[in-house]
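What you see is a predicted model; the values in this text were computed from it and never measured. Here is the naming used below: chain letters follow the sequence lines, and residue numbers restart at 1 for every chain.
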Amino acid sequence: MTGAPGDAPGSVLGGVLAIAVAQGHGVVLDETGAVVVPPAPLAALVEQVRALEASRRPRWVWWRARETARPLVEAGVHLARCWDVGEVHRLLAGGAAADPGSAWAWTHRLDPGAQPVASEPDLFAFGTDVPAQDPEALTTPEGYLRPDAVASTWQAAPQAGPHRLVDWARAALHVARAQQALVTEAPQPGSAGGSRRDPRRLLGTALSESAAALLCVELEVGGLPVDRQAVTELITAAAGPRPRDEAEAIGIRARRDQAVLAHVPGRERTDLRNPLQVKDLLATVGVHVDNTRKWTLAAHRGSHPVVEALLTWRKAERIATTYGWHWLDQHVGPDDRLRGEWTACDGGAGRMTAASGLHNLPAELRPAVAAASGHVLVRADLGQIEPRVLAAVARDAAFAEATQADDLYSPVGTELGVERPVAKVAVLAAMYGQTSGSAGEALKRLDRAYPTAMAYLHRAYDAGVRGDPVVTWGGRLVPMWQGELSEGQRSARGRFARNAVIQGAAAELFKAWAATVRAGGRPLGAEIVLCLHDELLVHVPAEHADAAVALVHRSLDEAARRWTGTDRVRFVADVSVVRRWSEAKG
DNA sequence: GATTTCACGTA
DNA sequence: CGTACGTGAAATCC
């Protein structure tokens, strides 16, 4: 394993430059902590960073991409490689915390729960939670990083503020070094489930998670291209025309409601947005349900016309409230790009998250996601990612053999002596714990045919039931919630743990893939515009479409080999060139 | 005003 | 007793 793309072997943190940005200023230090770029206003810093990127191609070390890289990305600077202290902290410590104080505390083996709390920076220069002390001190007497370390100095002494950035960058470098030492020493906090943290894999994950953090900043700044004309038509169809004022909005809403209420004379005053009232309403027409959820109502479609009307209303109401005019105005910029906040890693198993509806855009609206003129979207879906990941992380040779097929459920079915759909249900049941289907007999055969893969899942489940943390293939610690739990709750924790080692590992491979595409797409002008768990959307000039398709495939091979450490498990991507996201679903 | 519940979209 | 996420409206808690 050689880490992120472009790395020379053995030069993990070599060629490091530490950078910090705050209050419109920034500094750059070399790996010894010596000042390379003294405190400078942002505009000047941007030019220096651009030059350093070109001449040294460093690995940039920063506390968090969101604060440090964002202004650089906004200025159009491309940064190839980084070490994101916050993201590496998430990987090593588990959980969602990625702030400097937590990372500092963890590498200094301090209890993160006892950290001083940040005070409001605009009230007093020094909050009551930070003991009065040397205002220049970066840490509290207990050894914690002062949460107001930079902001307070700036407020107390504006002239001294920029110089304080040097200390701040030096602290980031210090923590990054400590993290790297811990990574390469491969500590094993919680070796539950038989999992140990392999130093080389952990290092590779640290680099690809860092790359993902930077990619998230680029996704936020760049946004997702949208066809305004198309999205306007789609919203109009679902939510009605854009209201000119509040009165018109109320009228449109009332007309939408009326389509349902017309079916139930005498109950026109029912609030359709109140589940209890809807339940009452249904009871009066002889439809008795425990809840008013879509799949519950769907079973009563034939009972009364109001049910169908209600289901139609729900769909329209969904678009109107969540993806309507307000959403369009709020999240789609004048440049026709849909923007939302991105997180490289959630608090659980490690998937990327996105706000502004980027990760749950209804299929109806997807035709509106379209390439800008002269461009195309290269759409790439990983096929059957989770069972393939299972084969890799469990090191199951027999199951790995099945991944050679484009459709791995076919050879698995043959091996089990069952039809392909039965094999699929059995594999999914094994990974997710589904029991509603009748996978019983096939599950037993699965245990006999692929004992290594199944044992991996059983171990994770058992660890979860016990409350022990699990560790993903790439080395992410996934803590379990604690406390006195009922048997049912312990089982739920077991299912969570079993899911976490698969979903989390898939997320790691995905991010390694995305980072590789990002690096390789640079000469093509290719821009990753959406990451959706197992799907990538790449926006690229039309003349480079074929090259981008090849890049996506090649990057998957590279990332998979690097991440799995073997070429015996095959990963496949369905890749198509489209103008609109809705086209050519794989 | 903040948190919980219900509902539903995506993978 | 699949898992996870983000969002909005209403109910509920303080």
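- One atom, NZ of A/Lys315, and another, C1' of B/dA7, lie 14 Å apart when rounded to the nearest Å.
- Using a 4.0 Å heavy-atom distance criterion, A/Gly488 is classed as a base contact.
- Side chain to side chain, A/Thr472 and A/Arg197 fail the donor-acceptor criterion of an N or O pair below 3.5 Å.
- Using modelled atom types, one side-chain atom of A/Arg388 and one backbone atom of A/Thr403 make a donor-acceptor pair closer than 3.5 Å.
- Following rounding to the nearest Å, A/Lys511 (NZ) and B/dA11 (P) show an atom-to-atom distance of 18 Å.
- Atom CG in A/Leu358 sits roughly 13 Å away from atom P in B/dA11 (whole-Å rounding).
- OP1 or OP2 of B/dC8 lies within a sub-4.0 Å distance of a side-chain N or O belonging to A/Arg314.
- Across the protein-nucleic acid pair, A/Leu365 atom CG and B/dT10 atom P stand 10 Å apart, rounded to whole Å.
- Counting to the nearest Å, the C1' atom of B/dT10 and the CG atom of A/Leu530 are 11 Å from each other.
- Side-chain contact of A/Thr516 with A/Arg562: a donor-acceptor pair under 3.5 Å is present, judged by distance alone.
- Side-chain atoms of A/Thr322 never come within 3.5 Å of backbone atoms of A/Ile319 as a donor-acceptor pair (strictly under, hydrogens ignored).
- Across all strands, A/Ser491 comes closer than 4.0 Å to no nucleic acid atom at all (heavy-atom distances).
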Sequence neighbours left out, cut at 3.5 Å: what donor-acceptor pairs do the side chains of residues 89-97 of chain A make with other protein atoms?
from    : atom 1 : to      : atom 2 : distance (Å)
A/Arg90 : NE     : A/Ala96 : O      : 2.8
A/Arg90 : NH1    : A/Glu87 : OE1    : 3.2
A/Arg90 : NH1    : A/Glu87 : OE2    : 3.0
A/Arg90 : NH2    : A/Ala96 : O      : 3.2

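- Residue A/Arg293 places its side chain closer to B/dC6 than to any other of B/dT10, B/dC6, C/dG2.
- An OP1 or OP2 oxygen of B/dC6 is reached within less than 4.0 angstrom by no side-chain nitrogen or oxygen of A/Lys294.
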Test log, rule ring-ring contact (aromatic ring centres under 6.0 Å, His included), inputs A/Trp513 and A/Phe571: CA-CA 11 Å; A/Trp513 179 41; A/Phe571 288 88; over 10 Å; no
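- Evaluation of the side-chain hydrogen bond (donor to acceptor under 3.5 Å, both in side chains) test over residues 347-360 of chain A, restricted to residues two or more places apart or in two chains, returns A/Tyr323-A/Asn360, A/His331-A/Ser356, A/Thr343-A/Thr353.
- Residue contacts for A/Leu361: at a heavy-atom cut-off of 4.0 Å it reaches the sugar-phosphate backbone alone, with no base atom in range.
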Polar-atom pairs under 3.5 Å, protein N or O versus N or O of nucleotides 4-6 of chain C: list them with distances, or write none.
from  : atom 1 : to       : atom 2 : distance (Å)
C/dG6 : N2     : A/Arg318 : NH2    : 3.4
C/dG6 : N3     : A/Asn360 : ND2    : 3.2

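- When atom types are taken as modelled, the side chain of A/Arg337 and the backbone of A/Gly222 share a donor-acceptor pair closer than 3.5 angstrom.
- Of the residues in residues 234-245 of chain A, none has a non-hydrogen atom less than 4.0 angstrom from any atom of DNA chain B.
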Please enumerate all protein N or O atoms sitting under 3.5 Å from an N or O of nucleotides 9-11 of chain C, with distances to 0.1 Å.
from   : atom 1 : to       : atom 2 : distance (Å)
C/dA11 : OP1    : A/Asn274 : ND2    : 2.5

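- The separation between A/Trp581 atom CH2 and B/dA11 atom P is 7 Å, rounded to whole Å.
- If you take CG of A/Leu428 and P of B/dA11, they are 15 Å apart, rounded to a whole angstrom.
- Within 4.0 Å (heavy atoms only), A/Ala363 reaches sugar-phosphate atoms of the nucleic acid but no base atom.
- Figure legend: A/Arg201 and A/Trp563 shown without cation-pi pairing, the cationic atom not lying both under 6.0 angstrom from the six-membered ring centre and within 45 degrees of its axis.
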For nucleotides 3-5 of chain B, give me every protein contact, N/O to N/O, under 3.5 Å, one pair per line with atom names.
none

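- Look at NE2 on A/His331: it is 7 Å from P on C/dT7, rounded to the nearest Å.
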